[in-house]
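The structure presented is a predicted model; accordingly, all values stated were derived computationally and were not measured. Residue numbers count from 1 along this sequence.
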Amino acid sequence: MEEMRRIAYETVLRACGFASLAIFCIMIGLSFLPRSAFQAGGFLSIVMTLVLVLKAREALTKDHRRTEMWLYLPKESRPPLASAQRVISTIMRETYLMFARWTALISILLWSIALLFSVIGL
């Protein structure tokens, strides 16, 4: 069970890492306007949060054999087919929602920094 959670964590972390890299590159591109850069980062983080929430919802109905986690699980670690759908969809849903909470917090932080820059006048 812990190995499945680890693999789910790694797969979602990798996807979020690539999305975060894209957000960071956009923010660097806007670095000459700090308030706009943080507003863009906050907005894009909210979008990432919404995508993660939608993926969590989709995880309940998605065929477990078509998930990245199932492909990375060694055959001896896979749950029995009778319970695999329930177990894997639950683990993936929990993982997506955990990352959605983290990205929501990051978005709040970015919007707060943008508000601070707005108050300062930058």
Check your understanding: Going only through I, L, V, M, F, W and Y residues with side-chain contacts under 4.5 Å, is there a path from V119 to W111?
Key -> no

**Study point:** Residue list, side-chain contact (heavy atoms from CB on, under 4.5 Å) with T90, at least two apart or on another chain
**Key:** R86, E94

Check your understanding: In terms of hydrophobic clusters joined by side-chain contacts under 4.5 Å, are I23 and V47 together?
Key -> yes

Practice item. Answer yes or no: is there a side-chain heavy-atom contact under 4.5 Å between Y72 and E10? Key: no

Check your understanding: Has R93 got more than 12 heavy atoms of other residues, nucleotides or ligands less than 6.0 Å from its CZ?
Key -> no

Check your understanding: For M69, does its backbone N or O pair with a side-chain atom of T11 as donor and acceptor, under 3.5 Å?
Key -> no

Practice item. Examine L13 and W102 and state if one hydrophobic cluster contains both, with Ile, Leu, Val, Met, Phe, Trp and Tyr joined whenever side-chain heavy atoms are less than 4.5 Å apart. Key: yes

Check your understanding: Between CG of L115 and CG of L110, what distance do you get to the nearest 0.5 Å?
Key -> 12.5 Å

Practice item. Please round to the nearest 0.5 Å and tell me the distance separating atom CG of L21 and atom SG of C16. Key: 12.5 Å

Review point. If we only count heavy atoms from C-beta on, is the F117 to F38 side-chain gap below 4.5 Å?
Key: yes

**Study point:** side chain to side chain donor-acceptor pair (under 3.5 Å) partners for T49, two or more places apart
**Key:** T103

Check your understanding: Just how far is it from atom CZ of R65 to atom CG of L71, taken to the nearest 0.5 Å?
Key -> 11.5 Å

Exercise for review: Mind telling me whether W70 and H64 have parallel, tilted or perpendicular rings, with 30° and 60° as the class edges?
Suggested key: perpendicular

Review point. Are the side chain of Q85 and the backbone of K62 linked by a donor-acceptor contact shorter than 3.5 Å?
Key: yes

Check your understanding: Do the side chain of S118 and the main chain of A114 share a donor and acceptor less than 3.5 angstrom apart?
Key -> no

Practice item. Give the cluster check for I46 versus L44: same hydrophobic cluster or not, with ILVMFWY residues linked at side-chain heavy-atom distances below 4.5 Å. Key: yes

Check your understanding: Donor-acceptor pair, S77 side chain versus L73 backbone, under 3.5 Å?
Key -> no

